[in-house]
Every structure is written in structure tokens, then in C-alpha cells.
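Convention: sequence-line order gives letters A, B, ...; per-chain numbering from 1. Basis for what follows: all heavy atoms, side chains included, without hydrogens, waters or symmetry-related copies.
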Protein chains: 2
Amino acid sequence: MTDINAGQEPEQTMTRIQREKREAILEAGLTVFSQEGFRGATLDRIAAEAGLSKPNLLYYYPSKEAIHEELLTGLLHTWLDPLKAVNPNGEPVDELLAYVHRKLALARDFPRESRLFANEILQGAPRILPALEGELRELVEDRAAVIQRWIDEGRIAPVDPVHLIFSVWALTQHYADFDVQVHAVLGAGDPFPRAEAHLETLFRRLLTP
Amino acid sequence: MTDINAGQEPEQTMTRIQREKREAILEAGLTVFSQEGFRGATLDRIAAEAGLSKPNLLYYYPSKEAIHEELLTGLLHTWLDPLKAVNPNGEPVDELLAYVHRKLALARDFPRESRLFANEILQGAPRILPALEGELRELVEDRAAVIQRWIDEGRIAPVDPVHLIFSVWALTQHYADFDVQVHAVLGAGDPFPRAEAHLETLFRRLLTP
DNA sequence: CGTTTGTTTGACCGATTGGTCAAATCGAGG
DNA sequence: CCTCGATTTGACCAATCGGTCAAACAAACG
């Protein structure tokens, strides 16, 4: 019996089969957790989705909690990167529009990740509240200061910087988290091209001085 | 043994105690379902929250499903009313801003209802998809036509009418569904006054011709 | 080929789940 | 005070939950 690394990422020491199975489990966990939330998800469903027996799944991850935790920690960085990438020395309107586009692309390409995050927040963020009050808050305060500077310099129209960031989050994640509703209203087509054009219009009118 | 109405609302025939207990159960169910989702919620927790024993709860509602269903059906109307109330004969910008304010007030005053709805959509809307594809879709199409008319008459700036409605939903519900995140970033104060001012600015710049 | 190490599974466990039921308790009317 | 229906509860049930374990199986290697 090999006590497979219950902690972090010495992926080097893992065999091919270990990497593949753990990846399959994370993939399945992402699907199930993002639909049902942590409490609603069951190991049986995750195991079935991953094509493994339940004891076999528990051979690779020590608990349901461990799968969920690894998914969440991986997520936060992906989630904050687009905001981090806003360049304080760039052209303000372009930088902010590019941020919106990156965030919308994330919603389009990683809807399950978006819903996993939404589920965690809806449940009161019991597992990532510290990260929200730490990393996230600091990053937002930092970028809000940059935006405020742009406003003071008259390079974008005055707007509450933090609520501007909230608006970007709300508008982009809506297309991932509420996609069932979006499709119920719009029909079968891909809503993203129009969404992109709409958000471009919205933020351009909001920000252009 | 009285077989308490398992169907709809002859509230007239109910005694005071029946009305009170059923109300307490719905209240508790709203709290629990909105936090944990349908699968994650347990009858034990709902019963505890309502101050009842589990068998006593099941004396008033025949199943977990029944509580959830009654909450959801009651919800949809509350949710659509603000959009219904948009007056096709009013002043366009005022009407739409009033809609935004009504929807934000809903998020402020009924956050649990908002989260219950969000949970249902996140899970794929298994219980209200028909209503979304029916009532909701028709209402949105109807109001989108009104907005399009306003655009054609040059009374508001051109904008995709359906995505405009999505934007109102996304921006207002964000403050209810993600309030933990909002508070993590902003600190303890009440975010709604600033949110209201921000959304007023946003939609005024977007819509003013 | 045998051994050792890594992988998979069937059987099982205690706890919790949604739900039942008969018996106990309450409360209003006679 | 008695009665009868309304309400409440303790005990219980089958199913499912997260998780364990020993045994079976597979793979690598000398």
C-alpha cells in the first residue's frame, strides 16, 4: 500500500496512472460539486462519473473534503488572474474592456468552475472566506486604487471603482452560473457573441469620459 | 387525523395554528434550502430551524419536495413582478431605472429568496425549467419588444434589449447571492446605498440617448 | 518464475437520510 | 368533566451516506 501524497503537488513523484486517475476524479468532482454543492454531492456519483469504484476513488483522495478543497484552491488563482493582469500603465478604457473580455471568456470556457465558485459563495463561503478577506480583498483594493487614479486623471468617467469591479464579476459570471435561464429565454444558440458585444457597449458607455 | 390540504391554497379553511406552523416551516425551509440547495438540505435541520420535531413537520407537509415546491412556485411571481410593472407608456429611462431600483430592493429585502432561486438555476433548474421556458420567456420577449420600440423611437440609446434585461438581473442579484463576497471586500457596512448609486449611474450612461 | 509494490474491489460499518406509525397529548365544545 | 378531533412525539424503517478493510488482482523487476 502506497500512502499517496495526501498533501500538495509533488506531481513529479506520481506515476502516469496516478496522475490520470487523480485528474479524472477532479474532473468528475468538478462536474458534481458545481451542480449539487458540497453537501448535495455524493462520493458514489463522483466515483461513477470518474469511472471508478468508491473505494478506488478513496485510494486516490482520502475524503470528499480533500477533493473539494483541491478544486477550490486551484480555482481562486484562475479566478483572480484576469484582474491581476490589468495593467496600471496601459490605456484605461482598453485595459478595463480587456479585463471584461478575459472574464467573459472564463465564463464561456470554464462554466463548471464558475458554478463551483458560485456554490461556495452561496453557502456562505465556509471554506474560502479567509482567502476572500485576504488575497481577494487586497487585490481589489489595489486595483480600485488604480482605477481611482485613472478617474482623478480624467482618463475614464467617474465611477465607484469597487462596484465597477463587482459589476464586471456579476455581468460575466451570470452567463456561466445562470446559463440554463439564459438558454431558456434565448433558445438554443450560443449567447456569447451577443453577450460580448453587449458588455463592450455597456462598459464603453459607462467608462468613456 | 385531518388530512391537511396537500395541494394548493384554501388558506381560509386552515386554523390559526395550521397557518402559523406552515408559515414557520416555509420560513425555515427558505433559510435552509437557500443555503444548502435541495439535496444538501435536510428535514432535520428544517424542523430544528422551525422549532418542530421532524414527524410534526411532516404532519404539515407531506415531503421535503412539497416544501421546496411551494417555496419555488410562490417565488417566481415575486421575481417577475418588477419586470411586469415596467410601463410601456412611461418615460423610457425612468421606467428602466425604476425597474433596476425595484429589483435591487428585492435583493436587499429578500436575499434568501434570491439565493433559493440561484440554487435552483445552478442545479440546472430541474423543477422550474418549464416556467422559465414558458412564462419567463414570454414576459422577457414582450418587454424586449417594448424596449426595442423605445430604441427605434430614439428615446433610449441602442442596446440589445434581452441582454439589457440580463444585465439588470445579474447586477442586482449579485448583491444578494454573493453578499458574503461583497462583505469580504467592503467590510461590515451596508453596501446597498453605494450599489444603488452605482447602478443608477451605470444604467443612466448606458441608456441615455 | 517468484516476489514485491501498486491498484482495485466486495463486503461491511456506523451515522444520517427521508419518511411512517401508533400511541400520547392537547384543546375546544358539550 | 368528558369526548372527539387536532396536534405532537418517540420509536422505528429501509435506503443512502462517507469511509474502512482485508483480500484479490496487476505490473514491474530481478
Side-chain angles (χ1 to χ4, degrees), chain A residues 1-6 10-26 28-33 35-72 123 126-127, chain B residues 1-6 10-26 28-33 35-72 123 126-127:
Chain A
M1 228 162 289
T2 350
D3 202 11
I4 287 195
N5 128 40
E11 308 228 347
Q12 218 57 19
T13 73
M14 278 195 251
T15 96
R16 178 185 52 87
I17 195 167
Q18 282 174 353
R19 251 180 289 115
E20 282 177 4
K21 292 290 166 74
R22 286 176 70 102
E23 180 53 38
I25 291 169
L26 287 180
L30 180 55
T31 297
V32 178
F33 282 130
Q35 260 180 43
E36 311 274 10
F38 181 77
R39 290 222 46 192
T42 72
L43 286 181
D44 289 281
R45 235 199 98 185
I46 297 175
E49 204 95 15
L52 275 71
S53 67
K54 185 167 60 170
N56 198 10
L57 181 151
L58 286 162
Y59 171 72
Y60 290 102
Y61 282 91
S63 68
K64 178 180 170 181
E65 182 76 44
I67 305 172
H68 191 255
E69 188 183 320
E70 185 157 330
L71 282 171
L72 270 190
Q123 283 160 29
R127 300 155 215 277
Chain B
M1 224 162 291
T2 351
D3 200 10
I4 287 195
N5 128 38
E11 308 228 346
Q12 217 58 17
T13 72
M14 279 195 250
T15 94
R16 178 184 53 84
I17 194 165
Q18 282 175 352
R19 250 181 290 114
E20 282 177 5
K21 292 291 166 73
R22 285 176 68 102
E23 180 53 38
I25 291 169
L26 286 181
L30 180 56
T31 296
V32 178
F33 282 131
Q35 260 180 44
E36 311 274 11
F38 182 77
R39 290 222 47 193
T42 72
L43 286 181
D44 289 281
R45 236 198 96 185
I46 296 174
E49 204 96 14
L52 276 70
S53 66
K54 186 167 60 171
N56 198 10
L57 181 152
L58 286 162
Y59 171 73
Y60 291 103
Y61 281 92
S63 68
K64 180 180 170 181
E65 181 77 45
I67 304 171
H68 191 255
E69 188 183 321
E70 185 156 330
L71 282 170
L72 269 190
Q123 283 159 29
R127 298 154 217 277

- [ ] Report which part of the nucleic acid Leu58(B) touches: base, sugar-phosphate, or nothing (heavy-atom distance under 4.0 Å, all strands).
- [x] base
Open item on the list: Distance check, rounded to the nearest 0.5 Å: His68(A) atom NE2 versus Ile46(A) atom CD1?
Closed with: 9.0 Å
Open item on the list: At 4.0 Å (heavy atoms only), tell me whether Ala47(B) reaches a base, stays on the sugar-phosphate, or touches nothing.
Closed with: nothing
Task: Below 4.0 Å: OP1/OP2 of dT7(C) and any side-chain N or O of Asn56(A) - done: no
Task: Donor-acceptor pair present, Lys54(A) side chain and dG18(D) base, under 3.5 Å - done: yes
- [ ] Using atom types as modelled and distance alone, determine if a side-chain donor or acceptor of Lys64(A) lies under 3.5 Å from a backbone N or O of Phe38(A).
- [x] yes
Open item on the list: Please determine whether a side-chain nitrogen or oxygen atom of Arg39(A) lies at a distance below 4.0 Å from atom OP1 or OP2 of dT17(C).
Closed with: yes
- [ ] Can you tell me the distance, in whole Å, between the CG atom of Leu43(A) and the P atom of dC12(C)?
- [x] 21 Å
Task: Flag, side chain of Arg39(B) to backbone of Ala41(A), donor-acceptor distance under 3.5 Å - done: no
TODO: Could you tell me whether the phosphate oxygens of dT7(D), OP1 or OP2, come under 4.0 Å of any side-chain nitrogen or oxygen in Tyr59(B)?
DONE: yes
- [ ] Starting at atom CG of Leu57(B), determine the distance to atom C1' of dT7(D), rounded to an integer number of angstrom.
- [x] 14 Å
TODO: In whole angstrom, give the distance that lies between atom CD of Glu20(A) and atom P of dG6(C).
DONE: 18 Å
- [ ] Map Ser53(A) and Lys64(B) onto DNA chain C by nearest heavy atom, then report which one ends up closer to the 5' terminus.
- [x] Ser53(A)
Task: Listed nucleotide nearest any side-chain atom of Tyr60(B), set dG18(D), dT7(D), dT17(C) - done: dT7(D)
Task: Whole-Å gap separating C1' (dT17(C)) and CG (Asp44(A)) - done: 14 Å
- [ ] To the nearest Å, give me how far apart CD (Glu65(A)) and P (dC17(D)) are.
- [x] 18 Å
Task: Spacing of Tyr61(A) atom OH relative to dT7(C) atom P, expressed in whole Å - done: 14 Å
Open item on the list: Counting the atoms with a prime plus P, OP1 and OP2 as sugar-phosphate, which does Arg45(A) contact under 4.0 Å by heavy atoms, base, sugar-phosphate, or nothing?
Closed with: nothing
- [ ] Check the distance between dT7(D)'s P and Arg19(B)'s CZ and give it to me in whole angstrom.
- [x] 12 Å
- [ ] Answer yes or no: is there a side-chain heavy-atom contact under 4.5 Å between Tyr59(B) and Leu52(B)?
- [x] no
TODO: Please determine if a side-chain N or O atom of Gln18(B) lies less than 4.0 Å away from the OP1 or OP2 oxygen of dT7(D).
DONE: yes
